[in-house]
Amino acid sequence: MIKKIAVLTSGGDAPGMNAAIRSVVRSSMSYGIKVFGVRDGYLGLIHDDIFELGPDDVSGIIVQGGTILGSARVPGFKEAAVRELALENLKKHEIDALVVIGGDGSYRGALSLAKSGIAVATIPGTIDNDIPGTEQTIGFDTALNTAIEAIDKLRDTSTSHHRCSVVEVMGNHCGDIALYSGIATGAELVITPETGFDFKETIQHLRELDEVRKKKHAVVVISEKLTDVEDLAVHISAQTSFSGRSTVLGYVQRGGSPTAMDRILATQMGDSAVKSLVEGNKDHAVGWIDGKISSMPIEAAFEYKRSRKDDLFDLQKRLV
Ligand code: ADP
């Protein structure tokens, strides 16, 4: 029977992580389980920065972005000898189980710990929506809404000046923020890792919008890491009659108070992670599949094929 659970946040932070922490703490308490917070992800496990959390420690954090526990990247955690320090500290505090809120790197760390005997449950936390074993991650909806608000504003000014706004959004190697914000703002062009970036095709497409469709403006939403958007905007100005302007949204997408959807998702996932541990699962990943909370072994999550977004890419193109 589980008596003590520890919770940590790891990798890139995301709005809604606090709501998940709160849920893990309050849910554990409802089962009579003591909860410990770990500061700065796996770093706190190695350095024994582990402290008991009471119900009041998580009061009011459901509305806050970021993570009260802090997060860190600890490359050394890939080494068994380093993980051994973490296991010793967990043992010292008589902690039976660990909840890890983070991305796929954090999942790998959690799986390695599970293989050494500590029960773990993982919760997907990242704005990028790119974590195995779930269709949606905590933080994605908030980042999406931040991107939408910015793109809407850029469109207003683009229309007044026959501009083409090239907006770079985050997502790492996943195009979901670009695709969904592109649909929600009626963007003229969406370019993601899934569609690939073709310079000539992009210019040709914008020329058609300009010369054939007589569009007053064009908004291009593009995922990060595909091309230099400043350079692309210069070429758009030179090769079409649009005046090209680039905006990199950057880290604002990682901040802010979580949306209702992220708060609720995080609350459900936190509770589900605790339940999974109470039921005796040793290495489960919590997710969101087919409109419901899911739970599967972490290794199965790595194999889980997320649904393809072909219909959404097609919809975006057809409605321009
Ligand atoms: P994310 O969890 O957001 O994907 P990272 O990839 O940076 O972020 O991973 C977060 C942390 O997880 C790393 O700093 C490291 O401590 C741990 N980690 C990543 N990959 C592994 C691995 N293969 N084995 C053990 N720990 C890992």
Side-chain angles (χ1 to χ4, degrees), residues 6-18 20-21 24 37-50 65-67 69-90 98-134 136-143 170-177 193 223-225 250-251 253-255 258 262 265-266 269-270 273 282-288 297-304 306:
V7 56
L8 62 82
T9 48
S10 168
D13 69 336
M17 279 183 162
N18 279 329
I21 295 167
V24 169
V38 181
R39 223 181 299 278
D40 297 335
Y42 294 127
L43 200 64
L45 278 189
I46 298 167
H47 292 159
D48 193 15
D49 204 347
I50 301 170
T67 157
L69 293 176
S71 187
R73 292 205 154 92
V74 192
F77 210 68
K78 290 180 185 159
E79 292 162 30
V82 175
R83 290 198 301 275
E84 197 50 45
L85 297 173
L87 291 162
E88 277 169 21
N89 286 327
L90 287 166
L98 178 67
V99 176
V100 171
I101 306 167
D104 63 342
S106 305
Y107 276 35
R108 284 181 208 283
L111 186 58
S112 301
L113 290 175
K115 285 184 175 162
S116 301
I118 176 120
V120 299
T122 59
I123 295 176
T126 172
I127 64 162
D128 299 331
N129 213 30
D130 64 347
I131 298 183
T134 189
Q136 189 154 334
T137 59
I138 297 169
F140 171 64
D141 188 63
T142 307
M170 281 184 158
N172 199 13
H173 298 293
C174 173
D176 283 9
I177 296 182
S223 300
E224 62 182 341
K225 301 180 182 179
Y251 279 92
Q253 294 161 95
R254 288 256 287 260
D262 274 333
L265 191 63
M269 284 182 170
K282 302 287 184 208
D283 63 348
H284 269 212
V286 171
W288 178 256
I298 299 172
E299 272 169 343
F302 278 114
E303 297 301 314
Y304 173 82
R306 299 180 56 214

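Reckoned from all heavy atoms, side chains included, excluding hydrogens, waters and symmetry mates. In this chain, numbering begins with 1 at the start of the sequence shown. As the structure lists them, so they are numbered: ligands from 1, and atoms in each ligand from 1.
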Side-chain donor or acceptor of [X] paired with backbone N/O of [Y] under 3.5 Å:
X: Thr9; Y: Gly70; answer: yes
X: Arg83; Y: Lys78; answer: yes
X: Glu224; Y: Gly171; answer: yes
X: Asn89; Y: Ile46; answer: yes

Taking only distance into account, with no hydrogens and no angle test, what donor-acceptor pairs under 3.5 Å do side-chain atoms of residues 100-113 form with protein atoms, sequence neighbours excluded?
| unit_1 | atom_1 | unit_2 | atom_2 | d |
| --- | --- | --- | --- | --- |
| Ser106 | OG | Ser10 | OG | 2.7 |
| Ser112 | OG | Arg108 | O | 3.1 |

Among Ala110, Gly105, Gly41, closest by any non-hydrogen atom to atom 17 (C) of ligand 1: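 When every heavy atom of Ala110, Gly105, Gly41 is considered, Gly105 comes closest to atom 17 (C) of ligand 1.
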Smallest separation among heavy atoms of Ser223 and Gly175, with atom names: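 Of all heavy-atom pairs spanning Ser223 and Gly175, the closest is OG-CA, 3.7 Å.
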Distance-minimising heavy-atom pair for Ala121 and Ala273: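 Scanning both residues completely, I find the closest heavy atoms to be CB-O, 3.8 Å.
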Give the residue and atom name of whichever protein heavy atom lies nearest to [atom], and the separation in Å to one decimal.
atom: atom 15 (C) of ligand 1; answer: Val74 O, 3.2 Å
atom: atom 11 (C) of ligand 1; answer: Ser10 OG, 3.7 Å
atom: atom 24 (N) of ligand 1; answer: Lys78 CG, 3.6 Å

Ligand-side contact atoms (ligand 1) for residue partner [X], heavy atom cut-off under 4.0 Å:
X: Arg108; value: 21 (C), 22 (C), 23 (N)
X: Gly103; value: 1 (P), 2 (O), 3 (O), 4 (O)
X: Ser106; value: 1 (P), 2 (O), 9 (O), 10 (C), 12 (O)
X: Arg73; value: 3 (O), 5 (P), 7 (O), 8 (O), 14 (O)
X: Gly12; value: 3 (O)
X: Gly109; value: 25 (C), 26 (N), 27 (C)
X: Tyr42; value: 12 (O), 16 (O), 17 (C)

Check: Gly11 N/O within less than 3.5 Å of ligand 1 N/O: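 The answer is no, given that Gly11 and ligand 1 share no N or O pair closer than 3.5 Å.
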Under 3.5 Å: N/O of Ala72 near N/O of ligand 1: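 No, no N or O pair falls under 3.5 Å.
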Reported CD-to-OG1 distance for the pair Gln253 and Thr142, which is rounded to 0.5 angstrom: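 Reported to 0.5 Å precision, the distance equals 12.0 Å.
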Region of Phe77 engaging ligand 1 - heavy atom pairs below 4.0 Å: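 The answer is both.
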Proximity flag Asp104 to ligand 1, non-hydrogen atoms under 4.0 Å: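 The answer is yes: ligand 1 sits under 4.0 Å from a heavy atom of Asp104.
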Note, Leu45 side chain near Val74 side chain (heavy atom, < 4.5 Å):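 No, too far: nothing below the 4.5 Å cut-off.
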Contact check, side chains of Leu265 and Asp141, non-hydrogen atoms, under 4.5 Å: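 A side-chain contact is absent here, since even the closest heavy-atom pair is not under 4.5 Å.
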